[in-house]
Amino acid sequence: MASVRLENVKKVYEGGVVAVHNCNFEVEDKEFVVLVGPSGCGKSTTLRMIAGLEEISEGRVLIDGQVVNDVAPKDRDIAMVFQNYALYPHMTVFENMAFGLRLRKFPKDEITKRVQEAASILGIEEYLNRKPKALSGGQRQRVAVGRAIVRKPKVFLFDEPLSNLDAKLRVQMRTEISKLHRRLGATMIYVTHDQTEAMTMADRIVLMKDGHIQQIASPLDIYNGPANRFVAGFIGSPAMNFIEGRIRKERSLVFEAADGAIRLPLDKIQGRRLADHVGKPLTLGIRPEHIHDAATSPRTMASWKIKAGIEIVEPMGNELYVYFTTSAAGRQYVARLKPDAQPEVGASFGLAVDMGKAHFFSQESELAV
Amino acid sequence: MTVRSKRTALLGRFLTHAVLLLFVVFSLFPVWQVVNISLRPGNQLLSTSLELIPTGATFENYVRLFTEADFLRWLWNSTFVSLVVTVTGVVFASMAGYGFSRFRFAGRNIGLLSLLTTQMFPATMLLLPMYIMLIKLGLINSYLGVVIVYSATALPFCIWTMKGYYDTIPVSLEEAARIDGCTHFSAFYRVILPLAAPALVITALFSFMAAWSEYLVAAQILQDTRLWTLPLGLKSFESSMSTEWGMYGAGSLVVMVPVVLLFLALSRWLVSGLTLGSVKG
């Protein structure tokens with residue numbers, strides 16, 4: 001297996017459109033890194049540059065310490081799983097999986113052994129003589145993964161491989177790919193727009209937007225310490241609530257929303273950290289799970305209560321998504337409450353914001369402060 | 001299903017079949033006429049009889065075709081020229097179409113438009129400039145001359161056909177092949193070309209037929225009777241004083257046979273949908 005390093009990698013398309021700006025990151029040996037971001041953020045382009053399917057306009061890509069900018073895809077010792085499977089329709093499953101090995105002139109016995117081995121790992125032994133058109137979506141995706149693993153490449157690349165599967169199969173394949181990573185001990189780079197996939201599968205996440213890397217960190221570090229407002233809003237479902245306002249100095253430091261409808265005292269640690277930002281326009285970010293039913297919230301949250309006008313209640317079974325506003329023309333926020341809470345649509349309901357878990361972002365730079 | 005809707009469905013099916021039958025009769029009537037003429041004794045073109053098989057039917061014209069005329073030589077010449085044009089058409093169109101489909105290069109759009117424009121000129125208009133070119137190249141009275149002209153006139157259509165088909169094959173298949181160990185060219189012939197079989201068949205048939213049944217160009221270029229192709233040979237049955245209609249009919253039918261056989265042999269490749277299952281769709 002191997003490491004992958006990107007140094008100031010840039011992609012400029014015809015007409016001067018910059019798809020990826022100075023991309024720098026390193027994927028260590030045996031690491032599972034997920035490139036995540038909204039459509040058009042440059043994640044697939046970055047992956048394709050690593051694969052050699054896209055020319056690199058500037059910068060260098062190194063695989064195992066070797067610069068591969070001018071190395072053909074076939075000579076990079078990588079394997080890639082495509083979003084649309086990209087199975088060869090005129091070949092059987094066996095031939096699809098053996099194709100790369102045959103091109104590399106592996107002995108017949110070795111090819112059969114490797115294909116059988118991969119097929120047994122993926123549970124597709126009984127389909128080896130079928131053509132791709134005779135397989136279901138999930139089976140096709142398994143074959144695509146099988147085609148990658150038989151070659152035992154240095155690096156595995158996945159380009160949104162689960163996007164075409166239904167929700168249940170996606171969850172199943174997600175865990176299977178994670179298991180495969182552990183089993184093979186392989187270096188994997190995985191592209192997705194689905195933050196759940198990123199959170200559940202990655203050792204580290206590279207979060208991108210408009211061709212720029214926003215943050216590189218482990219899933220929990222990204223979740224608990226987003227580098228900026230975009231990252232905070234992208235990771236987490238339902239998304240983080242944002243409240244524009246300022247910190248005022250009263251007896252203690254208090255965050256006051258721009259419309260005055262929310263006033264929340266800062267806890268001591270935050271107070272010390274944000275003392276320099278008093279009076280400056282800030283955005284408070286609070287995740288839906290950090291807003292609680294005031295009636296059952298711990299006593300420590302007594303001073304962080306707000307009055308909410310309930311607009312929509314979505315019972316999910318194990319929890320409630322409660323959409324509310326704090327003023328007549330105010331923005332809608334969402335809270336994730338325990339299922340025994342009883343908010344009524346159209347009525348006023350007491351909520352408690354866990355300010356210990358709040359995030360603050362500069363309104364000017366959008367960076368976390 | 002109610003009785004009324006059953007009746008409507010039945011009427012619909014009847015009308016569909018009636019219309020189809022009409023078209024079949026319309027298409028097959030000229031063929032039947034030629035069969036009829038070729039089987040008539042003597043040299044009769046016109047007949048008011050509607051008999052399926054003419055009275056006194058004989059294969060005499062077919063025997064004479066192979067014994068009295070140089071038919072086998074024309075057949076060989078036509079086969080040779082047509083096969084060379086077919087191979088040329090398939091080789092060049094498959095690669096040019098791929099280039100136009102997959103790569104973006106200077107002159108791509110102009111190239112495609114130019115190919116299309118050549119199809120708008122009638123063959124008679126191109127005859128003189130081509131004739132002059134072939135004289136200068138010393139290719140009059142040679143197979144190479146007709147092969148060049150036939151290929152040049154058939155290629156634009158074939159390139160467009162191939163390009164259109166390649167456009168429907170996902171690029172990710174080549175990309176997967178290139179990662180699996182193919183070069184750009186080997187990805188083309190190992191993965192894309194087998195998938196383009198239906199388009200290749202159409203290209204091959206078109207090129208073959210363009211050469212097999214062509215008369216006008218051949219008549220100008222091939223003046224030596226030993227080089228004559230089938231259409232020139234058939235035309236030789238017609239003279240200023242009389243026409244050998246029986247042999248003409250028999251020859252026409254024999255000329256038709258290889259094309260029909262070719263269609264039958266290649267028909268299974270004409271079915272599209274070979275790419276089904278390769279990608280999510």
Side-chain angles (χ1 to χ4, degrees), chain A residues 13-14 48 50-54 72-91 93 95-106 130-141 143-144 147-148 150-151 153 155-157 159-165, chain B residues 90 94 98-111 162 165-202 266 268-281:
Chain A
Y13 282 112
E14 264 174 58
R48 290 168 60 79
I50 298 170
L53 299 173
E54 205 80 63
K74 71 184 176 73
D75 300 323
R76 294 191 183 198
D77 201 4
I78 49 161
M80 186 158 166
V81 179
F82 292 81
Q83 179 179 0
N84 59 5
Y85 322 131
L87 299 178
Y88 313 123
H90 55 304
M91 299 181 194
V93 168
E95 289 165 340
N96 262 281
M97 290 168 73
F99 187 67
L101 299 175
R102 280 181 179 157
L103 286 172
R104 286 175 168 76
K105 309 257 184 299
F106 273 70
R130 287 198 199 168
K131 290 266 176 78
K133 68 179 172 190
L135 301 177
S136 70
Q139 289 162 348
R140 284 180 207 174
Q141 196 51 274
V143 176
R147 186 172 63 182
V150 288
R151 289 216 346 257
V155 183
F156 286 87
L157 306 175
D159 189 5
E160 307 214 24
L162 309 183
S163 304
N164 285 333
L165 304 179
Chain B
V90 167
S94 62
Y98 182 75
F100 278 118
S101 169
R102 291 297 195 252
F103 304 111
R104 300 288 173 270
F105 50 87
R108 176 180 175 271
N109 291 339
I110 291 178
M162 291 306 301
Y165 200 83
Y166 289 135
D167 285 347
T168 66
I169 300 176
V171 181
S172 56
L173 289 179
E174 285 149 86
E175 293 178 341
R178 284 171 62 203
I179 286 176
D180 265 345
C182 287
T183 59
H184 219 129
F185 188 70
S186 64
F188 163 67
Y189 75 79
R190 281 177 195 273
V191 175
I192 302 305
L193 216 50
L195 295 177
L200 285 174
V201 166
I202 290 172
L266 299 177
R268 80 183 180 98
W269 294 104
L270 287 169
V271 193
S272 60
L274 203 66
T275 55
L276 194 74
S278 62
V279 295
K280 171 75 181 172

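In the text below, chain A, chain B and the rest are named by the order of the sequence lines, each starting its count at 1.
For B:Thr183, the parts lying under 4.5 angstrom from a heavy atom of chain A are both the backbone and the side chain. With a 4.5 angstrom heavy-atom cutoff, A:Arg102 does not touch chain B via any of its atoms.
A pairwise comparison of heavy atoms in A:Arg104 and B:Ile179 identifies NH2-O, 3.9 Å as the closest pair. Summarising the geometry of B:Ala176 relative to A:Ala86, their closest heavy-atom pair is CB-O, 3.9 Å, with the distance given to 0.1 Å. Of all heavy-atom pairs spanning A:His90 and B:Pro194, the tightest one is CD2-CB, 3.6 Å. Nearest heavy atoms, A:Leu103 versus B:Gly181: CD1-C, 3.7 Å.
Here the CZ-CZ distance, from B:Arg178 to A:Arg76, works out to 9.5 Å after rounding to the nearest 0.5 Å. The CG atom of B:Asp180 sits 10.0 Å away from the CD1 atom of A:Ile78 when rounded to the nearest 0.5 Å. To the nearest 0.5 Å, the span separating CD1 on B:Ile192 from OH on A:Tyr88 amounts to 9.5 Å.
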Apply side chain to side chain contact (heavy atoms under 4.5 Å, CB included) to residues A:Asp159 and B:Glu175 and explain how you reach the verdict.
CA-CA 12 Å; A:Asp159 189 5; B:Glu175 293 178 341; over 6 Å; no

